[in-house]
Amino acid sequence: MRIGLLTEGGYPYVSGEAGLWCDRLVRGLEQHEFDVYALSRSERQEAEGWTPLPPQVSGVRTGSLWDTDDDGVGHGRRARRRFAECYGELAAALCTTAPEDPSGTSAKASGRAPEGEPDTVSEGRSALVADRFANALYGLAELARDKGGLPAALRSETAVRALERACRAPGAHRSAREARVPDLLAVAARLERALRPLSLDWYEDDGLGAVDLCHATSGGTAALPGLLARHFYDVPLLVTEYGVRLRTHYLTEPDAPPAIRALLAAFHGRLAAETYRCAAVITPGNTHARRWQERCGADRAKLRTVYPGMDATPFAETGESPECAEPHTLVWVGGVEPTKDLVSLLHAFAEIRKAEPRARLRIVGAPTGPEGAAYLAHCKGLASQLFPDEADGPHAVGRNPVSFEETGGPELPSRAEAYGAAALVVLSSVVEGFPYGLVEAMLCGRATVSTDVGAVVEAIGGTGLVVPPRNPRALAEACVALLRDPERRARLGAAARARALELFTVEQNVAAFHGIYLEMLSRAPARRVILGDNGEPLPFAVPAEAHVPGRWTDSTARVVARGGPGWATDAPVRATSPASPASPASPAFPAFPASATEGAR
C-alpha cells in the first residue's frame, strides 16, 4: 500500500512537534510504502535537517509556510477576474459565519434552538455557507493548478479589497463589520499562509495522484493537500488529530483584535468542517478531541479513537522498581508555561508542608519560549518567599524544599529518573490536551494527582486522584492523603502501569492504524491501470490480493498509478515474499467515564 503522509511542522524534521509519533508509525508499518509531504514552519526548522528515514519512505517533498518570496507567476485578466470571484466567495463565507459558531453547526446544536423543534432554517443556511466555502476553496485550487500558483495573488490588493467588501456587505456579522484596514491586512496575510498549499506542485499523477490514501497527521493546513488530492483524484483521506486546530486557535493570541480573531476562527472552523466532511475516517487521540470534532461537524460514524503510542522501553526499568522512590517527594514534569499553573502548585505545597513537614517538591522542566522563561522566574521568586531555606543545624547550609531542575545533567539524566524519584507525580494544569507526562508517570508505575482538564480523566481512568483546576486546597488534600498511605500509592501505581501498557504503547497504535488502512482501502480501492507490452490496458490484470502487503503483480506487466509516475514503468519489480501482516487491532478504544475515576473533587 502506498500512503501519502501529510505533516505540518513535524516529520521528517528533527525539531518537528509530532515527528516522533510519525517516525514510530512509519517504522512500525514497514510492509507499506510512504511518501512524505511535509510543510515547514520556519527557516530554522529546515536548517536543522531531517531525522534518519527508514527504507519504507520512498520520497519526501517539502513546502514552506514561512518563505514570502515572490513566485514570479503573472496572471492575465481572465485569471485575475476568476481569482477575485473565488476569493470574494471565500471571504463572504467567512463574514457570514457567526463568530460564536465558526464551524457552521446549527443553532439547535449550539443550544439556541428550542429543544425538540427542527431548526431547518439554520441548518439550510449553514449548508449553503458550507457549499459556498467549499466551492471557493476548490475554485482557488483549480486556478492555482492551472496557473502555477497563487501566493502573489493571495497577498495582493485584490484580496484585501475582497475581504473589505465582504465585511461591509449586508448580512456580515458584527465583528466583521468592525474590521479596520490593519485588521484586514493581518487577516489577508494569515489566510495567504494557510492557503499556501494550494500553490504547491504536489497534485500531479506522480505526486498525490499516485498514492492509495492520504494520511494527514493533523487538521488545518496539513489536511488541505489531502482535500485537494481527494478533489482532483478521489484519493481517500484519513485525518488524525491529537490536538484540534480550532481549539488551538482559540487558545492562542487572546489579545488580538476581535475582528481578526473572529475571521480567522471562521476560516479554521469552515476548513475543519470541510475536512471532516471529506475524510473517510477521522482518528481523534482522545474523547476530549473527539467532542471538539463533533462540535465542528464531524460525523460520528467516521470517528475512531486511537490513543497516542508511546515507547515504554525507557520507563521499563523504573516501572519495575517501585521501591526506588523517595517516600516524601512530589515531582512535577513538563514544559514551564502559565497554563501549567505552577503558582497554584506552590500554594498547594505550602499546605502540604504544614501536614507533612518532610515533603519535598521537585519541578523538572525547561521554560517554553520567552513567556515561559518569565513565568519560571516568577515561580522561583514565589518559592523563595513561601519556603525559606532550611538547615539541619546552626552550622549547616540551608536547602529549599522546592527545587527547579532540568533533565540532561548528571544528577537527572532522563525523565524516567525524574519519575523514579517520585513518591507522587503531580499535574496542576488549567489547560491540557492529552497528558503525555501523566502517561510517562503511569509507565513508571507512579501514583498521580491531577487537575480535571482535557483528557486527564480519560488517560488515568481509576488509577489516580483528580481534583478541580485552580484549587490549591483540594490539590493539597489529595497529595497528603496519598503521602500518608504508601499501600494505596503502590496499588494505584501498579494499576496505572498496567493501564498504560495496555492502551498507550506504540504497538497498539501501529496495529490500530494498520487495521484502519486496510479498512479504508477495502472501501475505496485504488484505481490502477495495468498496461501490457503493447501499451494497451490488460483486462483483469489486477489480482484480488493487490492490496495485501507484498508485490504480487506479474513481473512482465507495467504499472501505471492513476496515469502516471514515469519511474513506475521503467523496470519490472522483482517479486518478494509478503511479510506476515500483523493482526489488526480494533481501531476504536472505549472512552473511560469520569465516574470511574478515583479522585478527590
Side-chain angles (χ1 to χ4, degrees), residues 3 5-12 16-29 51 215-220 222-223 238-245 247-248 281-293 298 303-316 319 333-335 415-416 419 425 427 429 431-444 446 448 450 453-461 463-464 496-517 582 584-592:
I3 300 159
L5 193 66
L6 312 176
T7 69
E8 178 193 351
Y11 191 74
E17 296 175 0
L20 189 58
W21 167 74
C22 291
D23 187 62
R24 291 168 179 166
L25 176 68
V26 171
R27 292 181 183 277
L29 294 173
T51 186
H215 184 176
T217 58
S218 68
L238 166 64
V239 178
T240 296
E241 282 189 305
Y242 291 119
V244 178
R245 183 59 56 90
R247 175 179 179 268
T248 303
V281 178
I282 307 165
T283 56
N286 51 73
T287 302
H288 180 65
R290 182 176 181 135
R291 286 195 296 266
W292 270 89
Q293 291 170 338
L303 296 173
R304 310 279 194 278
T305 301
V306 180
Y307 292 124
M310 301 182 64
D311 186 7
T313 305
F315 309 101
V333 179
R415 294 168 71 96
Y419 294 120
V425 175
L427 181 141
S429 301
V431 175
E432 195 76 41
F434 187 83
Y436 291 93
L438 279 186
V439 175
E440 291 176 348
M442 294 166 66
L443 289 170
C444 291
R446 296 303 185 261
T448 60
S450 319
V453 292
V456 166
V457 170
E458 182 181 2
I460 67 174
T463 66
R497 176 168 167 76
R499 177 178 175 81
L501 290 174
E502 179 183 1
L503 296 179
F504 307 123
T505 61
V506 175
E507 291 75 15
Q508 68 83 21
N509 185 269
V510 169
F513 279 111
H514 177 67
I516 291 173
Y517 288 168
S586 173
F589 296 93
F592 290 84

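The first residue in the sequence is number 1, and the count goes up from there.
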Undergrad: Write down the atom of T448, the atom of I460, and the distance for their closest heavy-atom approach.
TA: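 Closest pair (atom of T448, atom of I460, distance): OG1-CG2, 4.2 Å.
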
Undergrad: Considering non-hydrogen atoms only, spot the tightest contact between C22 and L5 and give its length.
TA: CB-CD2, 4.4 Å

Undergrad: Could you pull out the closest heavy-atom pair between A289 and G285, with the gap in Å?
TA: CB-N, 4.5 Å

Undergrad: Could you tell me which residues satisfy side chain to side chain donor-acceptor pair (under 3.5 Å) with T240, sequence neighbours excluded, listed by chain and number?
TA: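 Partners of T240 by the side chain to side chain donor-acceptor pair (under 3.5 Å) criterion, ordered by chain and then number, come out as H215, T283.
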
Undergrad: R291: what forms a salt bridge (charged side-chain N to carboxylate O under 4.0 Å, His left out) with it, not counting sequence neighbours?
TA: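 Not a single residue meets the salt bridge (charged side-chain N to carboxylate O under 4.0 Å, His left out) criterion with R291.
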
Undergrad: When rounded to the nearest 0.5 angstrom, what distance separates CG in L20 from CG in D311?
TA: 8.0 Å

Undergrad: Determine yes or no for a side-chain-to-main-chain donor-acceptor pair under 3.5 angstrom, with Q293 supplying the side chain and A298 the backbone.
TA: no

Undergrad: For I3 and L238: C-alpha separation, side-chain torsions, deciding distance, then whether side-chain contact (heavy atoms from CB on, under 4.5 Å) applies.
TA: CA-CA 10 Å; I3 300 159; L238 166 64; over 6 Å; no

Undergrad: Quick one: side chain to side chain donor-acceptor pair (under 3.5 Å) partners of E440, sequence neighbours excluded?
TA: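 With neighbours one apart ignored, the set is R415, Y419.
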
Undergrad: Please confirm whether the backbone N or O of L6 pairs with a side-chain atom of T217, one donor and one acceptor, at under 3.5 Å?
TA: yes

Undergrad: So does Y11 get a backbone contact from the side chain of T7, meaning a donor-acceptor N/O pair under 3.5 Å?
TA: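 Pair found, side chain donor or acceptor close to backbone of Y11.
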
Undergrad: How many angstroms lie between CZ in R304 and CZ in R290, if you round to the nearest 0.5 Å?
TA: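 Rounded to the nearest 0.5 Å, the CZ-CZ separation comes to 8.5 Å.
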
Undergrad: From L29 CG over to N509 CG, what is the distance, rounded to the nearest 0.5 angstrom?
TA: 9.0 Å

Undergrad: Between R497 (side chain) and L443 (backbone), is there a donor-acceptor pair under 3.5 Å?
TA: yes

Undergrad: Can you name the nearest heavy-atom pair linking R24 to V510, along with the distance?
TA: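 Closest approach of R24 to V510: O-CG2, 4.0 Å.
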
Undergrad: Mind checking whether F504 and F434 have ring centres under 6.0 Å apart?
TA: yes

Undergrad: What heavy-atom pair brings Y242 and Y307 nearest, and what distance separates the two atoms?
TA: OH-O, 3.9 Å

Undergrad: Determine whether L438 and V456 satisfy the following criterion, side-chain contact (heavy atoms from CB on, under 4.5 Å), listing intermediate values before the conclusion.
TA: CA-CA 8 Å; L438 279 186; V456 166; 3.9 Å; yes

Undergrad: Specify the closest pair of heavy atoms between A500 and T505, including all atoms of both residues, with the distance to one decimal.
TA: O-CG2, 3.8 Å

Undergrad: Rounded to the nearest 0.5 Å, how far apart are CD of E458 and CG of N286?
TA: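 So the CD of E458 and the CG of N286 are separated by 5.0 Å.
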
